[in-house]
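Predicted, not measured: the structure shown is a model, and the values here were computed from it.
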Amino acid sequence: MVHLRGSNQILTPNLDALGYQGVILNRHYTAAMCSPSRAAFMSGKYSIHTGLQHLVILADEPRSHPLNDKILSQYLKEAGYQNHIVGKWHLGLARKAFLPTYRGFDSHVGFLGPYIDYFDFTHIASYRTYPPGFDFRRNESLYWDRVGEYATDVLADESSKIILNHNAAQGPLFLFLSQLAPHTANERDHLQTVPEDLAKVGHIKDPNRRKYAAMVIALDRCVGQVVEALKVKGILDNTFILFLSDNGGPTVGQHSNMASNFPLRGQKDSPWEGGLRGTALVWSTQLQKRHYVSEHLTHITDWFPTLSQMAGAKSYKFKKIDGNDIWQTISLNRSPLRREIVHNIDPIGGYTSYVRDGWKYVNGTTWGGTFDYWVGQMPFEESPKTPFYTKIVMDSPVWRALNPYATKNLKSKDIEEMRRKTKINCQRKIPPSRDCNPMEAPCLFYLEDDPCEGSFDISLRGGNQILTPNIDALGYQGVILNRHYTPPLCSPSRAAFLTGKSHINLGMQFIVIFNDEPRSLSLDEKLLPQYLKEVGYKTHIVGKWHLGFARRSFLPTHRGFDTHVGFLGPYIDYFNFTNTLDPYPAGFDFRYNEEVYRDRIGEYATDVLTDEATKIIEQHNTAKDGPLFMYLPHTAVHSANEYDPLQAVSEDLETVAHIKDPERRTYAAMVKALDRSVGKVITALKEKDMLENTIILFFSDNGGPTQGYLATSASNFPLRGQKDGPWEGGVRGTAVIWSPLLQKRHYVSNHLIHITDWLPTFAELANVSSYKEKDLNGNNIWSTISYNESPLRREIVHNIDTITGYTSYYKDGWKYINGTRWNGAYDQWIGEMTFEESPEASSYPNLVMKSKVWQALNPYALKNLKPRHLEEMRKKTGINCRKVTSPSRDCKPLEAPCLFYVDDDPCEMNNLAHFRPTRMAIIEKRLQYLQETMTPPGNLPRNSAANPALHDGIWTWWFELMQK
C-alpha cells in the first residue's frame with residue numbers, strides 16, 4: 001500500500017517520511033484479522049491466549065476481550081498517563097463494561113464496531129437482515145455533530161484537538177488513533193472517498209482501485225496532520241510515534257477493497273504472509289539509531305511490553321504475555337529475542353499457522369482455500385509525480401516536522417537506498433518442493449532462506465549447497481559488492497580490467513580471442529601493470545592470460561608483468577595442462593615466463609597456481625623489489641576441454657557428496673578448491689606480514705555457463721541468462737574486496753560498479769598520475785567503497801555486438817536489450833538447483849569464523865563480528881525477483897527491443913518497452929552515438945598455422961614463427 005515499499009502507483013509522502021526519519025520494520029507481523037490484532041496489541045498476548053482465534057467480535061455478539069485481562073491503557077493509567085482512543089474499538093460493545101472508557105481510556109471519539117459508512121457513520125451487519133445502525137460516539141454518548149463529513153478527516157481532527165488541548169501537567173499523553181481507513185464501509189457502498197483525493201489518482205484506470213487509492217491518500221494526509229499537531233504543541237522531542245496495519249489487505253472476497261499484499265501470498269483472514277506481514281514504522285528522538293530498514297522479526301504483541309517499559313509501568317512484568325520488550329532491537333538495531341510466532345490455531349476454522357526459527361508451518365486454511373494464491377498483482381500505473389518522489393517526501397508535513405531531529409543530513413540517495421531495502425524477495429519453487437494444498441496435508445516453508453535470494457554457487461550469496469567459507473569470510477571482513485558488472489565473456493573482461501576501457505572501445509565486442517587468431521589486446525593500450533611499474537611495483541601474473549599469444553609481443557611479460565606462471569589460452573586440462581581447440585589435436589599450454597613448464601604435470605591446476613602465487617608472496621622483498629601487484633586469474637571454475645570438462649580431486653569431491661547430480665557435484669568440488677586457494681593465498685600474506693597495507697580483490701569475470709558450449713552446471717539463478725549473453729546472469733557477478741585501508745567494512749554495497757573502474761582506482765591508490773591522460777571508461781571508486789558513498793557511474797555498455805547483432809545497455813536503472821546470442825537458447829531463468837544442503841550448513845557462521853581467511857583478517861576488523869552480523873550481511877546479498885506485472889509483455893529480443901527497470905527488476909521479468917516510448921527513444925539515440933564512436937570489432941581470420949602439431953605439440957607464438 002505505502003509508497004516506501006517500492007510501489008509507484010499510490011504516493012504516500014507523509015507515511016514514507018515517517019519511515020525514513022525513523023525505522024522501517026520490514027518484518028512486522030500481526031494477527032490476520034481486526035479484533036485479534038487489537039487484542040494482541042493491547043494485551044501483549046497471542047489470540048490463542050485471549051480466545052480470539054476464530055473470526056472477529058461481531059456487533060451482535062455478547063463478548064469482548066476478556067475483562068480479567070488487563071490491557072495497555074490500564075497499565076499506563078497506573079503510570080500517570082492521560083489515555084485517549086480515537087476511531088475504531090472493535091473489542092466488544094454488548095455491555096458498558098466492554099467499552100474503552102471502562103478499560104483504561106479517559107476518552108473515546110469514534111465507533112465501537114468493525115466499520116462504518118464514511119459519511120453517515122452507520123454500520124450494517126451484512127451477515128444479518130438488520131437495518132443500518134448509527135455507531136459514532138463521544139465517550140458513551142452518541143455524537144451526531146459531524147455526520148456528513150468524511151470519517152478519516154473527522155478522526156484526524158479529533159486527534160489533533162486532543163494533542164493541542166493536552167495539559168502535560170496532568171500527566172503524559174497516550175493517544176491510540178485507530179483509523180477506519182482504508183477498511184471498507186458497508187457493502188452497499190464499500191469504497192468511499194472525497195473528490196479532492198480522487199483527483200490525485202486519476203492515472204489509475206480501475207474505478208475501485210482508484211477509490212481505494214484515494215482512501216489511502218486521505219490516510220496519509222491524516223498522518224501529516226497529526227504529526228504537525230505534535231510539532232505545533234512542541235512535544236515531539238519526547239514522543240514515540242508508531243504506525244502499523246492490523247492485518248493484510250482484503251484484495252478479493254468479503255469486504256474487499258482492492259488492496260494489494262503482492263508479492264506475498266494470500267490476504268486478510270488467511271494463514272499466509274499476505275494476511276500477517278504488514279507495514280510498520282516507528283519514530284522517536286529516543287531511538288539511538290534511525291534512518292534504516294530493520295529486518296528483525298517483530299510481532300504486534302511486542303508493543304505492549306515495550307511501551308509499558310518505556311512508560312515506567314513495570315507491573316506488566318507480573319503478567320504472562322507472549323510479547324518481548326523490543327526497544328533495543330529497534331533503537332540499537334540488535335537481534336531480537338523472538339524466534340517463534342503463533343499466527344493462529346483455530347480449532348473451529350480448522351487451520352494452524354506457525355513460525356519457528358525461520359520455518360513456517362501451515363495446516364488447513366480459510367475460505368476453502370479461495371484466497372490461498374498470490375492475489376493483488378496490479379497494473380503498471382505510475383503516478384505522474386513519481387519522478388519527483390524524493391522531493392515530494394521532503395516537502396511533506398511529516399518530513400518538515402521530524403527532519404530537525406534527524407541523526408544525519410538525509411539526501412535523496414538515502415531515501416532511495418532505504419526504499420530499495422524494503423523489497424520483499426519472492427520465493428520461487430525449487431525441486432524437490434511441491435505445491436502446497438493445506439486442506440489436504442500440512443505445508444512447510446523456510447521463510448528465512450528464500451531460495452530466490454541468491455546464487456547457488458557460493459554460500460556468501462545465500463546458497464547452502466556449496467559452502468565457501470574463505471571467500472565468504474573475505475566478503476564479511478571487507479565489502480561485498482552486490483552489483484558488480486563485467487562483460488559476458490573472458491577476453492573482453494580481462495581487457496576491460498587491465499585497461500580501464502569498455503571492451504567496445506577495444507574492438508573486443510565479438511566473442512573471445514582464439515588460439516589460432518593472430519590478434520591480441522591492442523598493443524597501443526597501456527595496461528595496469530605498466531602503470532604500476534612507473535611507480536616501482538613488482539608485477540606478477542599467475543594463471544590465465546587469454547589476451548593473445550600469436551606473437552611474443554602479445555605476452556604478459558611484454559606488457560608490464562615481470563613474471564608469468566600459467567597458460568596463454570582460454571582453458572586447460574586441470575591435470576595435463578593441454579588445451580584442445582577443434583579441429584586441432586591437444587596442445588600443451590603451461591609456461592614459466594616464456595619457457596614451457598612441465599614440472600608439475602599431473603598435479604591439480606588450481607592447487608598448482610595457488611602454490612606458485614604463495615611462493616611469489618613468500619619470496620617478495622619489499623625493500624628490494626618495491627610494492628607487489630599480483631594478478632591471480634584462476635582456471636577454476638572454467639571447464640577443461642570438452643572431452644572431460646569437469647575435473648576435481650577426490651578430497652574435494654568427498655566434501656560435496658550430498659550433491660546427487662555427478663556433474664554438479666564435480667563442479668562443486670572445483671568451487672571448493674578455489675575457496676581453498678583463497679585461504680592459502682591470504683594466509684601467505686598474513687605470514688609475510690603484508691596484510692596491513694594490502695588490497696585484496698576477488699571477482700568473477702563473467703556469469704557461469706549453465707548449459708551449452710563448455711557448460712559447467714554453474715548457476716546464476718535467479719538472474720536471467722548465462723555467460724555470453726545480454727542478460728544479468730551473464731554480466732552481474734560475485735565481487736568482494738578487503739583492505740585495512742577501507743574506512744568502512746563489514747557491509748553489502750549495492751552501488752553500481754563496473755570492471756573498468758578498477759584501473760583508475762588502483763592507479764590512484766598507487767599514486768600513478770599518468771592514467772589521467774588516457775580516455776578511460778572507468779571511474780575511481782575508492783570513496784564509493786571505503787565510505788559507502790554513491791558512485792559517479794550511471795551507465796554501462798554491456799555490449800554492442802555488430803557481428804552477432806545484439807546490444808545490451810544500462811542507464812539510470814533502465815536496461816535495453818536488442819537481439820541476443822545463441823538464437824535465444826539461453827535467454828530464460830536457468831540454473832535452478834535441487835534443495836541439497838551441505839551437512840555443515842547448520843553451523844555455517846562457525847564454519848566461516850574458523851576459516852583461514854577469517855583467522856587472518858579478523859584482527860583488522862572494525863568491530864567485534866558475531867554470527868548474527870554474518871547472517872545479516874548474507875541476507876542483504878539477496879536478489880529480489882519481481883514476477884511479471886501487467887501490462888508488461890514478454891521479451892523476444894530477436895523480434896523487438898526490450899526494456900527493463902533492473903534497479904527494481906533485476907531478474908528481467910517485466911518488459912516495459914511498449915509502455916516507455918520516450919525512454920526507448922532516448923536510449924536508442926545514445927546507442928547510435930556509442931556505436932558510431934566505438935572501435936570496430938578486431939576479430940581476424942583464424943589460421944591453421946597455429947596447429948600445435950606443427951610446434952612440437954605446444955601452443956606457442958605461431959604467427960611470429962610463421963613469418964620467420
query: Just wondering, more than 12 heavy atoms not from K211 lying within 6.0 Å of its NZ?
result: no
- request: Keeping the roles fixed (side chain from T184, backbone from H190), state whether a donor-acceptor pair exists under 3.5 Å.
  value: no
Any F41 side-chain heavy atom under 4.5 Å of L307 side chain: yes
field: Side chain S284, main chain T239, donor-acceptor under 3.5 Å
entry: yes
message: Check this for me: M439, atom CE, are more than 12 non-hydrogen atoms of other residues, nucleotides or ligands nearer than 6.0 Å?
response: no
- prompt: Hey, are E295 and N26 close enough side-chain-wise for a donor-acceptor pair under 3.5 Å?
  reply: yes
- request: Flag yes if more than 12 heavy atoms outside E871 fall under 6.0 Å of its CD atom; otherwise flag no.
  value: yes
query: Does the pair R265/E273 count as a salt bridge with the N-to-O cut at 4.0 Å?
result: no
message: Check K45 with D322, please: is the shortest side-chain N to carboxylate O separation under 4.0 Å?
response: no
Min side-chain heavy-atom separation P250-N257 under 4.5 Å: yes
task: Report yes or no: does Q192 contribute a side-chain atom to a donor-acceptor pair with the main-chain N or O of D117 at less than 3.5 Å?
output: no
query: Less than 4.5 Å apart, any side-chain heavy atom of E872 and any of S335?
result: yes
Side chains of E187 and I124 in contact at under 4.5 Å (non-hydrogen atoms): no
task: Would you mind reporting whether H123 and N186 have side-chain heavy atoms less than 4.5 Å apart?
output: yes
- request: Give me the ring orientation class for W327 and F240: parallel if the planes are under 30° apart, tilted from 30 to 60°, perpendicular past 60°.
  value: tilted
task: Over all heavy atoms of both residues, which pair between P305 and Y316 is shortest? Give the atoms and the distance, please.
output: CB-CE1, 3.5 Å
Criterion side-chain contact (heavy atoms from CB on, under 4.5 Å) on H343 and K360, from CA distance to verdict: CA-CA 10 Å; H343 292 308; K360 181 171 180 180; 4.1 Å; yes
task: Find out whether R103 and L67 are in side-chain contact, i.e. whether some heavy atom of one side chain is under 4.5 Å from a heavy atom of the other.
output: yes
field: Modelled atom types, side-chain donor and acceptor of Q53 and Y46, under 3.5 Å
entry: no
field: Quiz item: cation-pi between K88 and Y115, 6.0 Å / 45°
entry: no
field: Residue among L99, N139, I85, V86 satisfying side-chain contact (heavy atoms from CB on, under 4.5 Å) with F105
entry: I85
task: For T365 and D372, test the side chains for any donor-to-acceptor distance below 3.5 angstrom and give the result as yes or no.
output: yes
- request: Would you sort out whether V355 and R338 count as a side-chain contact (heavy atoms from CB on, under 4.5 Å), showing the intermediate values?
  value: CA-CA 11 Å; V355 167; R338 181 172 294 284; over 6 Å; no
query: Is there a side-chain contact between Q9 and R209 (heavy atoms, below 4.5 Å)?
result: yes
Between H296 and S294, a side-chain donor and acceptor under 3.5 Å: no
message: Using modelled atom types and a 3.5 Å cut-off, is there a donor and acceptor pairing between side-chain atoms of S331 and backbone atoms of Q288?
response: yes
task: Report yes or no: is the cationic atom of K319 (NZ for Lys, CZ for Arg) under 6.0 Å from the centre of the six-membered ring of Y75, at an angle within 45° of the ring normal?
output: no
In a table with atom names and distances, give each donor-acceptor pair under 3.5 Å that connects a side chain of residues 89-98 to protein atoms at least two apart or in another chain.
| residue | atom | partner | partner atom | Å |
| --- | --- | --- | --- | --- |
| W89 | NE1 | G92 | O | 3.1 |
| W89 | NE1 | F98 | O | 3.2 |
| H90 | ND1 | S35 | OG | 3.4 |
| H90 | NE2 | S35 | OG | 3.4 |
| H90 | NE2 | I57 | O | 3.0 |

- request: Answer whether the closest heavy-atom distance between the side chains of C222 and L155 falls below 4.5 Å.
  value: no
query: Have H28 and T298 got a donor and an acceptor in their side chains that come within less than 3.5 Å?
result: no
- line: Closest non-hydrogen contact found for S245 with G278 is OG-CA, 3.7 Å
- prompt: So F174 and F176, would you call those rings parallel, tilted or perpendicular, with 30° and 60° as cut-offs?
  reply: parallel
